[in-house]
Amino acid sequence: MSPPTLPTGVERRLFDGDERLATRGASVYGEPTDGEWRVWDARRSKLGAMLEHGMETGLSGGETVLYLGAAAGTTVSHVADFSGPTYAVEFAARPTRDLLTVAEDRQNLFALLKDARKPETYAHIVEPVDVIVQDVATRGQAHVARANRPFLRDDGRLLAAVKARSEDVTADPESVFEQFSSQLDGYEILETQRLEPFHDDHLAVVARPDRDH
Ligand SMILES: C[S@@+](CC[C@H](N)C(=O)[O-])C[C@H]1O[C@@H](n2cnc3c(N)ncnc32)[C@H](O)[C@@H]1O
């Protein structure tokens, strides 16, 4: 089987002799650049790691995106550089200040200082989306995915990175991942993949809205 193609706007390019994922746009976190291209560092990005692992994300480029857990904008800056309108939710004030700077360079990136567990607080701003990217690293990750499910178009995709230690530092990661999957009501899981060696004890999940819901 041939590996899934990358979204338009994401390429594998040579940086210092190594093939790396790259997108075009203003640099954000000191990543290596080559002209208008900049490295998308999979060690700094779970979505980057999902692409490096060849997961079928369904991304083709140009999608409308709701990004949950944007932090200072490392990954969402890349996402906005190959997507359409990109709504970035982050509830901590400090990283949101950096996120706002990242958004200044990107007309399609909208930073929202909001709690992803309370989608009603941004429902008046966010339109229906093709993709939800979730990287909240907090307790209740399945709840966050369920609560934001109404934003997702019927043919959309949830691309979630689940951090085991955020749910329970003492539990076996595999049992945390099983619990997350069993709590993902409203979605049908299409693919899962551990993100080692890029990120330890993280499970990446690709899911779509469950048609029976
Ligand atoms: C692992 S970091 C995200 C890194 C980021 N996705 C990236 O790749 O650049 C997780 C972020 O989720 C945020 N977060 C956790 N719970 C949240 C919630 N309920 N609502 C919004 N943001 C949340 C944290 O403040 C933190 O900045």
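Note that ligands are numbered from 1 as they come in the structure, with each ligand's atoms numbered from 1 the same way. Being a predicted model, the structure only gives us computed values, none of them experimental. Worth knowing before you read on, the calculation uses all heavy atoms, side chains too, and leaves out hydrogens, waters and symmetry mates.
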Inset, instruction - Using side chain to side chain donor-acceptor pair (under 3.5 Å) as the criterion, point out the one residue from His78, Arg38, Arg20 that pairs with Glu31. - result: Arg38

Inset, instruction - Sort and list the pairs that fulfil salt bridge (Lys or Arg N to Asp or Glu O under 4.0 Å) and have at least one residue in residues 86-97, not counting sequence neighbours. - result: none

Legend entry - Qualifying residues under salt bridge (Lys or Arg N to Asp or Glu O under 4.0 Å), relative to Glu127, sequence neighbours excluded: none

Legend entry - Under 4.0 Å from ligand 1, counting heavy atoms only: the protein residues, by chain and number: Arg44, Lys46, Tyr67, Gly69, Ala70, Ala71, Thr74, Thr75, Glu90, Phe91, Ala92, Lys114, Asp115, Ala116, Arg117, Asp135, Val136, Ala137, Thr138

Inset, instruction - Assess the side chains of Thr86 and Arg106: does a donor N or O sit below 3.5 Å from an acceptor N or O? - result: no

Inset, instruction - Using a strict cut-off of less than 4.0 Å between a Lys/Arg side-chain nitrogen and an Asp/Glu carboxylate oxygen, indicate whether Asp115 and Arg117 qualify as a salt bridge. - result: yes

Legend entry - Under the ring-ring contact (aromatic ring centres under 6.0 Å, His included) test, residues paired with Tyr122 that sit two or more places apart: Phe151

